[in-house]
Amino acid sequence: MPRIVNIAAAQLGPIQRRDSRKEVIERLLNHMYNAAKMGCDVVVFPELALTTFFPRWYIEDPEELNQFYESEMPGPTTQPLFDAAKKLGLGFYLGYAELNKQSDGYHRYNTSILVGKDGKIIGKYHKVHLPGHDEYEPWRRFQHLEKRYFEAGSSFDVWSAFGGIFGMALCNDRRWSETYRVMGLQGVEMILLGYNTPVHNPPAPEHDDLSLFHNHLVMQAGAYQNGTWVVGVAKAGNEEDCDMIGGTCIIAPSGEIVAACSTKGDELAIARCDLDLCQSYKSTTFNFEKHRQIHAYGLISHQRGVKTP
Ligand code: CDV
């Protein structure tokens, strides 16, 4: 029996600052109901899918900042997503800002969760590669303060779910080959990944015209080189005067895009994903046990920056 997972990549159009959580949740529920009608098993939402992309602003007032975070999951406003998952028998991946109270104080993460068809959380991921800066930089057209507003996560885990092995990543993680390989080494068969990517890259505006190309390039390479499905989902369009790329897609272990969104609004891209397709790559070209040469890779985990001879 092939192991088929029907995936809905649930792209969101822009979320403006004035949009209430309730309005946003309605949009997510709408995606869930449509995906269920089309026989999907899992819906994948973007990074920070409950709010506008707030790291574009330098916010000094802690109370104002806290409004963008969830201190419980599910909480009163997000509970309907979990209820819908259970009612529809539909799993989901959701990105959000997490305010986590621990014994040593509050911790803030750029988080994603994987929720099962029973409405229960299967796994949680904290974004490892936080891009941007941690102080106000007036020369930028808009800020990118993820390094100020979040702590970095510490691992790329995978979970047994939906008949296969699932992993999670968030936005900038997709640009780093290490992200995919660490999960590849745990046998990952499907990586779910939400993103918010402005078209304009303030430190390197010469990349702006290539932003969609780079988006697909890194995810397609990561899929092929690790024999895994990759589902990349955008929050797209003009958000608070900042243009964000679309490019939501579902990528097979061959590296081919098998489904994609064509707008920058709320849109579903759907694919019937056979997890057994991974084996053709994992057991041949990318048979890690047979072909990896770990004696030559030491620098990867021991050295961060470049040291020239
Ligand atoms: N949310 C992100 O991680 N965005 C980055 C931008 C800043 C380049 C990205 O890698 O898409």
Side-chain angles (χ1 to χ4, degrees), residues 9-15 17 44-59 65 68-70 93-98 108-113 125-137 139-154 156 167-180 191-223 230-249 251 261 264:
Q11 180 172 286
L12 290 176
I15 298 177
R17 198 166 179 170
V44 185
F45 294 117
E47 175 192 43
L48 299 176
L50 301 176
T51 64
T52 197
F53 190 76
F54 64 92
R56 73 168 64 91
W57 295 297
Y58 183 75
I59 301 169
L65 183 63
F68 294 104
Y69 292 77
E70 309 301 312
Y93 159 107
L94 175 74
Y96 65 98
E98 176 186 357
R108 296 168 188 275
Y109 300 104
N110 188 339
T111 296
S112 63
I113 47 170
Y125 166 71
H126 292 152
K127 185 174 180 178
V128 169
H129 298 100
L130 297 171
H133 48 109
D134 56 9
E135 291 299 336
Y136 182 64
E137 295 188 356
W139 59 271
R140 290 174 182 260
R141 207 186 291 167
F142 48 84
Q143 304 294 299
H144 197 108
L145 288 155
E146 284 196 64
K147 285 194 197 297
R148 183 179 189 87
Y149 296 149
F150 304 115
E151 286 173 42
S154 54
F156 289 106
M168 293 189 270
L170 282 159
C171 198
N172 192 261
D173 289 323
R174 75 194 187 287
R175 303 186 192 276
W176 299 89
S177 54
E178 293 87 345
T179 298
Y180 305 90
I191 296 174
L192 310 178
L193 191 166
Y195 59 90
N196 282 263
T197 299
V199 174
H200 174 55
N201 183 353
E206 66 274 22
H207 301 177
D208 292 3
D209 284 346
L210 299 168
S211 53
L212 272 175
F213 166 65
H214 289 156
N215 178 49
H216 285 164
L217 175 72
V218 290
M219 293 193 291
Q220 289 183 261
V230 173
V231 184
V233 182
K235 176 141 64 59
N238 187 280
E239 201 180 78
E240 298 291 346
D241 223 12
C242 178
D243 281 319
M244 319 271 281
I245 66 165
T248 292
C249 60
I251 301 161
C261 288
K264 291 201 180 95

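Every number for a ligand or one of its atoms is a count from 1 in the order of the listing. Note that these values count all heavy atoms, side chains included, but never hydrogens, waters or copies made by symmetry.
Summarising the geometry of P14 relative to G237, their closest heavy-atom pair is CD-CA, 4.1 Å, with the distance given to 0.1 Å. Nearest heavy atoms, L130 versus A152: CD1-N, 3.5 Å. Smallest separation of non-hydrogen atoms from Y195 and A234: CE1-CB, 3.3 Å.
Using 4.0 Å as the threshold, P131 has a heavy atom nearer than that to some atom of ligand 1. The shortest separation from a heavy atom of N196 to ligand 1 is under 4.0 Å, placing the residue in contact.
When hydrogens are left out, the protein atom nearest atom 8 (C) of ligand 1 is R175 NH2, 4.1 Å; that is the closest non-hydrogen contact. In terms of protein heavy-atom proximity, atom 11 (O) of ligand 1 is nearest to T197 OG1, 2.6 Å. For atom 7 (C) of ligand 1, the closest non-hydrogen atom of the protein is H144 CE1, 3.2 Å. K127 NZ, 2.8 Å is the protein heavy atom nearest to atom 3 (O) of ligand 1.
Ion pairing of E151 with R108 is absent here, as no side-chain N (NZ or NE/NH1/NH2) approaches a carboxylate O to less than 4.0 Å.
Scanning C171, S211, P203 for the heavy atom closest to atom 5 (C) of ligand 1 points to C171.
Of all the heavy atoms of F53, the ones lying under 4.0 Å from any atom of ligand 1 belong exclusively to the side chain. At a heavy-atom distance under 4.0 Å, only side-chain atoms of R174, from C-beta outward, approach ligand 1.
The aromatic rings of H126 and Y109 lie parallel to each other, their planes meeting at an angle below 30°, with 60° marking the opposite boundary.
Defined by atom type and a distance below 3.5 Å, a donor-acceptor pair is present between the side-chain atoms of H144 and E146.
Aromatic rings of F45 and Y96 (six-membered ring for Trp) have centroids beyond the 6.0 Å cut-off, not under it.
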